[in-house]
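To start, the structure itself, in structure tokens.
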Amino acid sequence: MSSSDDDTPLVRGKTQVVSNDRISKAEDKAMDKEVPSNGHVEPGISIRMGPVDDMDVDEPATNGNAGGKRKARSSITNGKTYKDQSSSEDDDKPLSKRRRTSQQAKAVKDDSDSDLSDVPLKARNLPKASAEQIGESSDSDTPLNTKLVKKKEEIEKAAAKEAKAIRSKEKAAPKRKPKIESDSDDDIPLAKKKAPVKKAPAKKPKKEESDSDVPLAKKPIAKKGKAAAAAPAKKGKGKLKKEEEEDQDRAADDEEEEYRWWEDTAKGDGTKKWDALEHNGVVFPPEYVTLPKSVKLIYDGTPVSLQPEAEEAASFYGGMLNSTHNIENPTFNKNFFEDFTAILDKTGHSKDKDGKTVKIKKFEKCDFKPIFEHYEAERTAKKALPAAEKKALKAEKETAEAQYMYCMWDGRKQKVGNFRVEPPSLFRGRGEHPKTGRIKKRVLPEQITINIGEKAKVPAPPAGHRWKEVKHDHEGTWLAMWQENINGAYKYVMLAANSDIKGQSDFKKFEKARELKKHIDRIRQDYRRELKSEKMVDRQRATAIYLIDQFALRAGNEKGEDEADTVGCCSLKFQHITLRPPETVIFDFLGKDSIRFYDEVKVDAQVFKNLKIFKKEPKTVGDDIFDRLTTSALNKHLTSYMPGLTAKVFRTYNASYTMARLLKSLKATGTIQEKVKAYNDANREVAILCNHKRTVAASHGASIDKMNEKINGLRYQVWRTKMMMIDVDPKIKKKKGAEYFERPEDLDNEWVKHHQDAEVEEMRQKITKKFEKDNEKLVADGEKEMKPKELTERLEKADELAAKYKKENKTGKVEAEGKGPTVEKLDGNIDKINQRIENMKIQMEDKEGNKEVALGTSKINYIDPRLTVVFSKKFDVPIEKFFSKTLREKFDWAIKSVDEDWDF
DNA sequence: AACCATACTTAGGAGATAAATC
DNA sequence: GATTTATCTCCTAAGTATGGTT
């Protein structure tokens, strides 16, 4: 305890808080030098512990992970070492600082208060009194520090007041929301510019009632005209008459009427999402079908039978034996087996063929293969079905589900996204998820809440069941909801991406990002200034915003113990950042979905210095870099610049902005293909910015090898063609110089031999195959097969080739091929081949560069689709080249709303 | 501030389908 | 035309963010 005191004193300032989170000039200076002589004295870094008077506090609640709920992480992430910091620091650490690793901390969590006194974080949980006490005792130990702090307290008190004043001013600003809005028209138009009261004037409830009687099921398939036509009446409120007419026309055409919401300037305030909502609920997965008697789990060599519930669980596992990446994961197996045995215990384990109970105790003794093979056979059978039958099956399913596919949203027919309730299965958590492999249970109607209009007919739950609840939440966009059993996560049934409501919020998202353009300069200016703030909180916040803005990091909410250990900006830990003077920062951590983020970047000198401070001892592996910062605090600050501004907006903004810039720099030249390529290159750049990755396809290596071989084959042909020149005109050798005719070094004799053999072999195979096929055809036509002799004859071609190569190898000469070969012609051939080589090389580089970059995510979520539409129009490339059918539907609003001049 | 409940967006992988290639 | 490869769609996990409660 004594040890830690350097932190504690600060606490004492509970009334005037601010003190401890200051960063002294001295510290700043010290940070300029390599290592501060006695690190632990720096007050700036010590963390304020005590409760504070709420006002001043931007104080984090959370300091490092030793504190209460924070997840203790073992920092295994990536298994990196980060030696520079930790090792050197370790040596001069004051005793006090025998900081446990986070894991240890967690272990002792409960009784560790005193012990942890050096872990500032912890302190925050202490009641005031105890904090004070600690502080006092510490005084004697750390006089220096204390003094410093005390003096500072006074100064800081003043500063704090000032800061407070400023802050409150800033706060005031956002309150003037309406004002801001008015000058920023394009911001969130939907949300705000409301024409508040006039929505849905006396809709036609009658209509609805009658509608609600009609099972939706029929509506979508049959006539949609009616309901659809009714809708505009309410939304139109007088304006947009033309459109209504159009709509009706279209409806009459049996076409879906179109609601151009992006042209509708009067919208609600964004909280009320609908007035009338009808839908048919959800589709439940099929009941479990028990395995045929012949298919059994084998336990310890004995085939055993299970009760249906247990068998179902076994079938989940058995069904995925082919997915090694799950079943080779020990956590996955352990979790599965735990849940499996729980069911076994409940259902009486298994029985052998004599009906004797066999207790299943060891996972290793379970052989699921028969189950796997059974399902595999089913899959194959399904695949082998004649096309017509497959189609029929699909159509059948579609009809059965038709009524769930659409809902009526304020009278408009809208596609529902995920109307199928998630079937039971094994939970496939990503990365090192502690719960991966656990059994995700079947969802019962009793767990499902339905959200629907008051006047709509509530969909009937399956016979003998009832819904958990039926709500009429007009502020929610979901139709049904349940909680999943593994993480307690909520699952929502919502509309599809091409629905109006999703389109609208997508639109809002991009408008918000565009709005940020107006504020970004000021924000950047501010955070640059605040990078030097004396207040730790502010400095951390500024630094975090810098990282988010510059490197597109995610916000980084806190995570729980029972989740994979991943981080974002605010949750970055000591070990995730390595500092390499003078100003390079190396990020290495696992982000969302446990995707690795690795980047070496140059940063602003002040940022470098700050990170160094934030990493200063006593912090060590497992500790938060931004121990004073939470995502809420960060977002709260951001919102003061612009309503609705949060960390994630920066990603959207930077992605779209980057894309806009790149597209602008393109020249409208070349073929369509080239333009598409140029677009994709820009897209790729954005994807890289956002760190959107995919796992390299298993076939990637082989496919690259193949391409390489092909290129080499072509190079060989180039050489051979050159040799032909000599054959045609021996004098050419002198003219062009001997060097020109040398075979590339890497194509050595061994390679040539190998290549020739492969070529010959390939030819043989082709001939043989062709022969077989021809024969089949003959048979099919009722004629008789060709004799094997025919094949031998045909294969002579390959033999000739082999002979030719043999001769070439021997003589070192290549006979000219083709009719009337001339040097000029051969030259032309060479050019052609070289061109092919170039093309292939580019293709290969493309493939290589693309192998672990996923372009889709940024295209779907980050790049303002209007940019793509503009590009398509300006460069005259059909939009289909960029957006698939579903994307075109999703971005319908963008496709229809911009012209060439639009700019992000 | 911590914690929880809630609701919505963003994300990669599996499997289905379409396109390219042999 | 069959097979391989690229692309698209579906699925659902994993984030962000907010608001209420203690």
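What you see is a predicted model; the values in this text were computed from it and never measured. Chain identifiers are assigned alphabetically (A, B, ...) following the order of the sequence lines, protein sequences preceding nucleic acid strands; residue numbering begins at 1 within each chain.
Among the nucleotides B:dG12, C:dA14, C:dA17, the one closest to any side-chain atom of A:His433 is C:dA14. For A:Arg554, counting side-chain heavy atoms from C-beta on, the closest listed nucleotide (C:dG15, B:dG12, B:dA7) is C:dG15. Counting only heavy atoms from C-beta on, A:Tyr492 has its side chain closest to B:dC8 among C:dA14, C:dT5, B:dC8. Side-chain proximity of A:Lys847 to the nucleotides C:dT12, C:dT5, C:dT9 is greatest for C:dT5. Checking B:dT17, B:dC22, C:dA13 against the side-chain heavy atoms of A:Lys710 singles out B:dC22 as nearest. Distances were taken from every side-chain heavy atom of A:Lys509 (C-beta onward) to each of B:dC8, B:dT9, C:dC8; the shortest belongs to B:dT9. For A:Asn635, counting side-chain heavy atoms from C-beta on, the closest listed nucleotide (B:dC8, B:dT10, C:dA17) is C:dA17. When distances are taken from the side chain of A:Tyr862 to each of C:dA14, B:dT10, C:dT9, the shortest belongs to B:dT10. Closest to the A:Met494 side chain, of the nucleotides B:dA11, B:dT9, C:dC10, is B:dT9. Nearest to the side-chain atoms of A:Thr566 among the listed nucleotides C:dT9, B:dC8, C:dG15 stands C:dG15.
Computed from coordinates, the A:Glu422 CD to C:dA13 P distance equals 5 Å when rounded to whole Å. Here the P atom of nucleotide C:dT9 and the CZ atom of A:Arg420 are 15 Å apart, to the nearest Å. Rounded to whole Å, atom P of B:dA5 lies 20 Å from atom CG of A:Asn451. Computed from coordinates, the A:Asn418 CG to C:dT9 C1' distance equals 14 Å when rounded to whole Å. Whole-Å rounding puts the A:Ile863 CD1 to B:dA11 P distance at 12 Å. Remark: C1' of B:dT9 and NZ of A:Lys491 are 14 Å apart, rounded to the nearest angstrom. Look at NZ on A:Lys859: it is 16 Å from C1' on B:dA11, rounded to the nearest Å. Rounded to whole angstrom, the span from the NE2 atom of A:His692 across to the P atom of B:dG12 amounts to 6 Å.
Distances shown here put every side-chain N or O of A:Ser505 at or beyond 4.0 Å from the OP1 or OP2 atom of B:dC8. An OP1 or OP2 oxygen of C:dA17 is reached within less than 4.0 angstrom by a side-chain nitrogen or oxygen of A:Thr646. For the OP1/OP2 pair of B:dA16 and a distance below 4.0 Å, the side-chain nitrogens and oxygens of A:Arg379 include no atom meeting the criterion. For C:dA14, the OP1/OP2 oxygens have no side-chain nitrogen or oxygen of A:Ser594 closer than 4.0 Å. Not one side-chain nitrogen or oxygen of A:Asn557 sits closer than 4.0 Å to the OP1 or OP2 atom of C:dG15.
Across the interface with DNA chain C, nearest-nucleotide mapping of A:Ile860 and A:Val421 shows A:Ile860 to be the residue nearer the 5′ end. Both A:Lys890 and A:Lys471 lie near DNA chain B, and the one whose nearest nucleotide falls closer to the 5' end is A:Lys471. Taking for each of A:Phe883 and A:Asp593 the nucleotide of DNA chain C with the nearest heavy atom, the 5'-most of the two is the partner of A:Phe883.
A:Lys440 comes within 4.0 angstrom of the backbone, heavy atoms only, and of no base. As judged by a 4.0 angstrom heavy-atom cut-off over every strand, A:Asn322 is placed among residues making no nucleic acid contact. Here A:Arg694 lies in heavy-atom contact (under 4.0 Å) with sugar-phosphate atoms only. Residue-level contact check: A:Ser323 touches neither bases nor backbone, having no heavy atom under 4.0 Å from any strand. The residue A:Ala647 sits close only to the backbone: its heavy atoms come under 4.0 Å of sugar-phosphate atoms, none of a base.
For the pair A:Arg420 (side chain) and A:Val283 (backbone), a donor-acceptor distance under 3.5 Å is absent.
Between atom CG of residue A:Asn691 and atom OG of residue A:Ser858 there is a gap of 11.5 Å, rounded to the nearest 0.5 Å.
Between A:Phe419 and A:His279, the distance from one ring center to the other does not fall under 6.0 angstrom.
In this structure the side chain of A:Val443 reaches within 4.5 angstrom of the side chain of A:Ile448, judged on heavy atoms.
Taking the charged nitrogens against the carboxylate oxygens, A:Asp593 and A:Lys693 have no contact shorter than 4.0 Å, which rules out a salt bridge. A salt bridge links A:Asp681 to A:Lys677: at least one charged side-chain nitrogen sits closer than 4.0 Å to a carboxylate oxygen. Note on A:Arg694 versus A:Glu852: no salt bridge recorded, every NZ/NE/NH1/NH2 to OD/OE distance being 4.0 Å or above.
Under 3.5 Å, the side chain of A:Lys592 and the base of B:dT10 form at least one donor-acceptor pair of N or O atoms.
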